[in-house]
Amino acid sequence: MGACGRPHNRGMQKSGMQKNTQAVLIAGGGIGGLAAAIGAARAGCAVRLFEQAPAFGEVGAGVQLGPNAVRRLRDWGLQGALDAVAAFPDRLQVRSALTGAELAALPLGADILTRYGAAYATIHRADLHGLLLASAQSQADLRWHLADAVADHRQSEGGVALTLASGVAVTGDLLIGADGLRSVTRARMLGAEPTRSAGHLAYRAVVRQADLPAGLRTARVTAWLGPRLHVVQYPLRRGELMNVVAIRHGTPPANLEGWDHAANAADLESALAGTCAALQEMVRAVPQAGSGWRLWPLSDRPPVRGPLDIARGRVALLGDAAHPMRPYLAQGAGMAIEDAAALQVALALAGVPVADRLQHYARQRWRRVARVQERARRNGRIFHAMGLVRWGRDWSLRLAGGRLLDLPWLYGY
């Protein structure tokens with residue numbers, strides 16, 4: 001049944017591979033892959049991680065981590081590392097993009113810590129990836145291989161055999177596909193299926209708060225809701241940075257790979273015409289030097305339909321490979337971290353066959369992630385509502401206030 005379920009005392013090995021090693025094999029070294037590696041190592045498994053990039057790293061902007069995710073980082077001994085690099089907003093507020101009026105607010109900070117036993121954090125993706133990488137590097141019996149993707153996998157009663165892009169063959173007990181939205185592990189396991197376009201375009205920017213006028217700096221999460229668009233801003237890196245994401249309805253350019261991102265600021269300003277002066281001032285304050293606004297078309301997949309969408313035999317999916325979701329519940333990274341914690345529990349089941357452990361993991365996760373996927377999609381429709389639906393949304397937010405923004409089913413999981 002492999003190496004899981006027993007502690008390892010051997011020293012950490014950072015490179016190289018052995019054939020026929022009894023191990024948990026992980027495809028992908030992003031946030032989900034590293035979280036999976038930590039969970040598997042803590043379950044007493046030998047871990048081998050394969051990343052196609054020549055170096056570990058993470059691109060993108062900010063990530064929100066609800067108490068459900070922060071609690072699991074704390075359980076892994078990462079609270080101190082999180083405290084050193086994250087921001088902890090004191091308030092979540094929803095404002096009208098048209099008038100600027102506050103529609104509802106939810107206290108965060110000490111209030112949410114008291115309610116759920118863990119904080120609400122906002123963090124740069126690179127900082128989250130960095131603290132997970134440092135933890136993975138400290139785990140006993142964890143090896144990784146860079147610049148060599150998993151080109152193929154085959155499973156049998158005795159294990160899983162990988163063929164790397166370099167032609168090297170590796171075997172292990174099981175494979176975790178944490179290789180993202182366009183996961184090739186998923187395609188081999190479930191069949192190739194294109195991702196689903198959300199019909200939304202995301203403009204992302206990270207700015208130094210010191211470079212902004214004092215009145216535009218923030219220590220809170222603010223969501224501006226408007227017709228066919230919304231904007232979210234929040235602090236990062238102890239409050240030194242501000243993350244801004246503007247999402248509008250639209251079709252991505254056909255030549256996105258060669259797209260001139262210098263045009264994004266003008267496109268976004270045009271989309272925000274008619275919104276309130278405060279929102280437009282904040283968006284115009286983003287410096288265009290450096291990265292400026294980066295354009296990202298949003299895609300997802302339909303909600304998970306059952307445990308066989310997550311695990312089959314000795315192969316399982318995790319994070320975006322299993323359940324990519326729209327960002328309107330701010331739970332993409334959180335669900336990957338939850339997945340890894342559930343995987344840890346499943347792999348630690350002593351005396352249980354490997355395939356049964358992975359089915360246990362899949363049964364624990366599929367309803368949860370399907371609900372989050374669907375709720376995120378629903379939120380997108382609510383955020384971008386028009387006409388009478390928008391009026392009803394704003395009236396409900398004013399009436400119920402923070403009760404609509406607090407999500408015990410999500411944060412208290």
Side-chain angles (χ1 to χ4, degrees), residues 3 8 10-41 45-61 63 124-155 159-189 192 195 256-258 291 294 296 314-322 324 332-333 336-337 339-340 343:
H8 288 266
R10 290 173 293 189
M12 179 180 62
Q13 302 178 61
K14 297 187 179 180
S15 62
M17 292 174 289
Q18 298 177 13
K19 291 184 180 181
N20 301 318
T21 299
Q22 298 295 306
V24 173
L25 309 176
I26 299 175
I31 288 170
L34 290 177
I38 294 168
C45 300
V47 181
R48 308 293 179 260
L49 185 148
F50 305 94
E51 166 57 42
Q52 66 179 349
F56 282 116
E58 183 61 71
V59 298
V63 170
H124 198 290
R125 291 189 68 90
D127 293 338
L128 176 58
H129 188 271
L131 69 87
L132 291 172
L133 177 60
S135 178
Q137 289 171 333
S138 73
Q139 304 297 323
D141 207 359
L142 189 153
R143 302 177 186 177
W144 57 85
H145 193 77
L146 300 175
D148 210 354
V150 177
D152 194 15
H153 78 262
R154 296 182 183 278
Q155 61 174 306
V160 178
L162 306 186
T163 302
L164 303 184
S166 62
V168 173
V170 182
T171 60
D173 292 317
L174 59 102
L175 170 64
I176 303 299
D179 43 350
L181 173 67
R182 294 174 177 83
S183 166
V184 294
T185 308
R186 178 195 180 98
R188 289 191 296 266
M189 187 177 105
T195 58
L256 188 62
E257 292 297 324
S291 61
R294 306 297 294 178
W296 300 80
R314 292 174 175 263
V315 180
L317 304 175
L318 183 145
D320 282 352
I337 292 168
D339 286 350
L343 180 67

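Keep in mind the model is a prediction, meaning the values are calculated, not measured.
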### Query
For Asp173, does its backbone N or O pair with a side-chain atom of Arg314 as donor and acceptor, under 3.5 Å?
yes
### Message
Has His129 got a side-chain atom pairing as donor or acceptor with Gly29's backbone, closer than 3.5 angstrom?
### Response
yes
Identify the heavy atoms of [X] and [Y] that sit nearest to each other, and give their distance.
X: Ile26; Y: Ala178; answer: CG2-CB, 4.4 Å
X: Ala322; Y: Arg186; answer: O-NH1, 3.2 Å
X: Gly319; Y: Ala336; answer: CA-CB, 3.9 Å
X: Gly32; Y: Leu318; answer: O-CD2, 3.3 Å
X: Leu343; Y: Ala36; answer: CD2-CB, 4.3 Å
X: Ala40; Y: Val47; answer: CB-CG2, 3.8 Å

### Message
For His124, give me all partners under side-chain hydrogen bond (donor to acceptor under 3.5 Å, both in side chains), at least two apart in sequence or on another chain.
### Response
none
#### Entry: Those residues that, when tested against Asp179, pass side-chain hydrogen bond (donor to acceptor under 3.5 Å, both in side chains) (two or more places apart)
Ser183, Thr185
Decide yes or no for [X] and [Y]: does some side-chain heavy atom of the first lie under 4.5 Å from some side-chain heavy atom of the second?
X: Leu49; Y: Leu34; answer: yes
X: Asp148; Y: Phe50; answer: no
X: Arg188; Y: Val150; answer: yes
X: Ile31; Y: Leu132; answer: yes
X: His153; Y: Val315; answer: yes

### Message
If the test is side-chain contact (heavy atoms from CB on, under 4.5 Å), which one of Leu175, Leu142, Ile176 qualifies with Val24?
### Response
Ile176
### Message
With rounding to the nearest 0.5 angstrom, report the CG to CG distance, Leu25 to Leu174.
### Response
7.0 Å
### Message
With rounding to the nearest 0.5 angstrom, report the CG to CG distance, Asp339 to Leu317.
### Response
9.5 Å
### Query
In chain order, what residues pass the salt bridge (charged side-chain N to carboxylate O under 4.0 Å, His left out) check against Arg154, with sequence neighbours excluded?
Asp152
### Message
For Gln155, is the CD atom crowded, meaning more than 12 foreign heavy atoms sit under 6.0 Å from it?
### Response
yes
